[in-house]
**Student:** 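Mind having a look at this structure? Questions to follow.
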Amino acid sequence: MHDKLYIDGHWVAPAQGGSADVINPATEEVIQKIAMATAEDVDIAVKAARRAFDQDGWPQLSGTERAGYLRAIANGIRARQAEIARLEVLDNGKPFPEADWDIADAAGCFDFYAGLAEEFDHNGVEPIPLGDARFVSKAVKEPLGVVGAIVPWNYPLLMASWKVAPALAAGCTVVLKPAELTSLTALELAAIADEVGLPAGVLNVLTGTGSTTGQAIVEHPLVDKLAFTGSGPVGSKIMAEAARDVKRVSLELGGKSPFVIFDDADIDEAVEWIMFGIFWNQGQVCSATSRVLVQEKVYVRLVTRLVEETKKIKIGHGLEEGVLLGPLVSARQHAKVVGDVEKARAAGADVLCGGQRPEGFDRGFWFEPTILANVPLDSEAWVEEIFGPVVCIRPFQTEAEAVALANDSRFGLAAAVMSKDETRAERVAAAFRAGIVWINCSQPTFTEAPWGGYKQSGIGRELGLWGFENYLETKQITRFQSGEPWGWYIKPQAGA
Ligand code: NAP
Ligand code: MG
């Protein structure tokens, strides 16, 4: 089934029969072939999703009934967690414990939205107090329709689940396109949905490229909403194209998130969270805290510890015991990170450690964990997302200076602050112009809490109740109940 498309409850070959190689980024070996869907396949899938929504009754099921399917999918994921995590390692390159965590989170996401679907049966209707007693009104939340979900390669199954779970819970139907680089676990999700008997057409999974398959989903007139995670330029293009049909859009884009460390912070704790914030998933994390600002008094001490610990990171194949850093996802991403670090050097940055392909790793897309200091504020390395294990670090003196530097970005996805002074940490958290703020940590992510960016980091929120609302429309139903005729055109007969 890994070389097929999942459309309308069946595994099918693409209409035009194209395929692409799946490459293990650790070895550059071809491990699988996937199908390349074209506009013709997308059209069939969207029409199936349309029928499942408009005629087959998926949105009319109670939330509790839909929750049954979601919990079955969650259990299906958990039943094969290790196998799916292994597939994610081979496809994406990340270390197994990270993949295992992702897959557990994906299952948890289906469980969480099952819970919201059940609650929805009781809370989906809100009475609206009106200033006119002759009328009563209520607001009803309803599923918004057919969703085109387009996801990236950094958290393949998890990013798919952040969209598919709330969309199905809300009563929408979905056409999902995983990233060409990492499609295998989305196909596993389709297989699990099939096994648990999810009605045909409710979830369709089409592999293929962004420019063909993705574009066809974006342009399809019968899609009601586009849910996208990926790069800024593609997100911006999708938003522009969605305007033609007034499709709903939610965008989760990139960032260049700051991490402000005050001089009262515990140095070892700070080093731990800095490393977690930039080396986890090889730094291919939209919310990675890639700009670290350290208060002057502890700057040298902290940087020394950080370099010392970073040099100890075990690099290797994701299935090897104890490995903490795998390869980057692709040759293209590797070339980009290599190029970005070269440009930083040329701009005058100091490479405190890393900065190249690790010794002995000749095949595969390997890059050492890297720390850059003295990065000019107007250089690309400070301003643009690198999306690799590369952190820029610089000292600051005052709180005001740190906040100004942190907010001086066109992005606003995440920001983090570390200080023992709770009042100061809260003050800085309030001053950050970012959608996700961490105090005394960086990156922990919870299904219950809203996820999304300020400024050019995106629009809309995923996860939690906010992620559920992404897939709902609001309808007002207002009833005239006075008993007296309205009498504007047709006057009541005198004496009648
Ligand atoms: P991308 O090009 O934006 O890809 C994200 C998804 O969109 C993929 O499924 C991609 O398909 C698809 N896509 C590409 N062009 C499309 C189009 N014209 N219409 C519809 N769909 C389209 O991102 P990327 O190339 O994977 O990564 C590049 C950069 O994106 C990274 O360096 C990073 O800055 C950012 N990024 C951000 C996140 C995040 O979580 N915010 C995640 C990953 C990447 P294919 O890839 O299959 O062609
Ligand atoms: Mg791959």
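Order of appearance sets the numbers: ligands from 1, and atoms from 1 within every ligand. Not measured: the values here are computed from a predicted model. Position 1 is the first residue of the sequence, and the numbers go up from there.
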**Student:** Checking the side chain of Asn407 only, and the main-chain atoms of Ala431 only, is there a donor and an acceptor separated by less than 3.5 Å?
**Tutor:** yes
**Student:** Leu253 to ligand 1: N or O pair under 3.5 Å?
**Tutor:** yes
**Student:** Which one of Ile34, Asn154, Ile150 has a non-hydrogen atom at the shortest distance from atom 42 (C) of ligand 1?
**Tutor:** Asn154
**Student:** Any idea which atoms of ligand 1 are less than 4.0 Å away from a heavy-atom of Ala179?
**Tutor:** 9 (O), 47 (O)
**Student:** Any N or O of Lys177 that comes nearer than 3.5 Å to an N or O of ligand 1?
**Tutor:** yes
**Student:** Of Arg291, Lys336, Lys343, Arg410, which meets salt bridge (charged side-chain N to carboxylate O under 4.0 Å, His left out) against Glu384?
**Tutor:** Arg410
**Student:** Near Pro152, which atoms of ligand 1 are under 4.0 Å from a heavy atom of that residue?
**Tutor:** 42 (C), 43 (C)
**Student:** At a 4.0 Å threshold, what atoms of ligand 1 neighbour a non-hydrogen atom of Ser231?
**Tutor:** 1 (P), 2 (O), 3 (O), 23 (O), 29 (C), 30 (O), 35 (C)
**Student:** Is it true that a side-chain atom of Asn92 and a backbone atom of Trp153 form a donor plus acceptor pair closer than 3.5 Å?
**Tutor:** yes
**Student:** Within 4.0 Å of atom 24 (P) of ligand 1 (strictly less), any protein heavy atom?
**Tutor:** yes
**Student:** I'd like to know whether the aromatic ring centres of Tyr69 and Trp58 sit less than 6.0 Å apart in this structure.
**Tutor:** yes
**Student:** Using a strict 4.0 Å threshold on nitrogen-to-oxygen distance, state whether Lys247 and Asp224 make a salt bridge.
**Tutor:** no
**Student:** Report, in ascending order of atom number, the atoms of ligand 1 lying under 4.0 Å from any heavy atom of Gln215.
**Tutor:** 17 (C), 18 (N), 19 (N), 20 (C)
**Student:** Checking side-chain polar atoms at under 3.5 Å, does Asp3 have a donor or acceptor matched by the opposite partner on Gln32?
**Tutor:** no
**Student:** Out of all atoms in ligand 1, which are within 4.0 Å of some heavy atom of Val151? Include the element for each.
**Tutor:** 6 (C), 8 (C), 9 (O)
**Student:** Does any N/O atom on Thr229 come nearer than 3.5 Å to any N/O atom on ligand 1?
**Tutor:** no
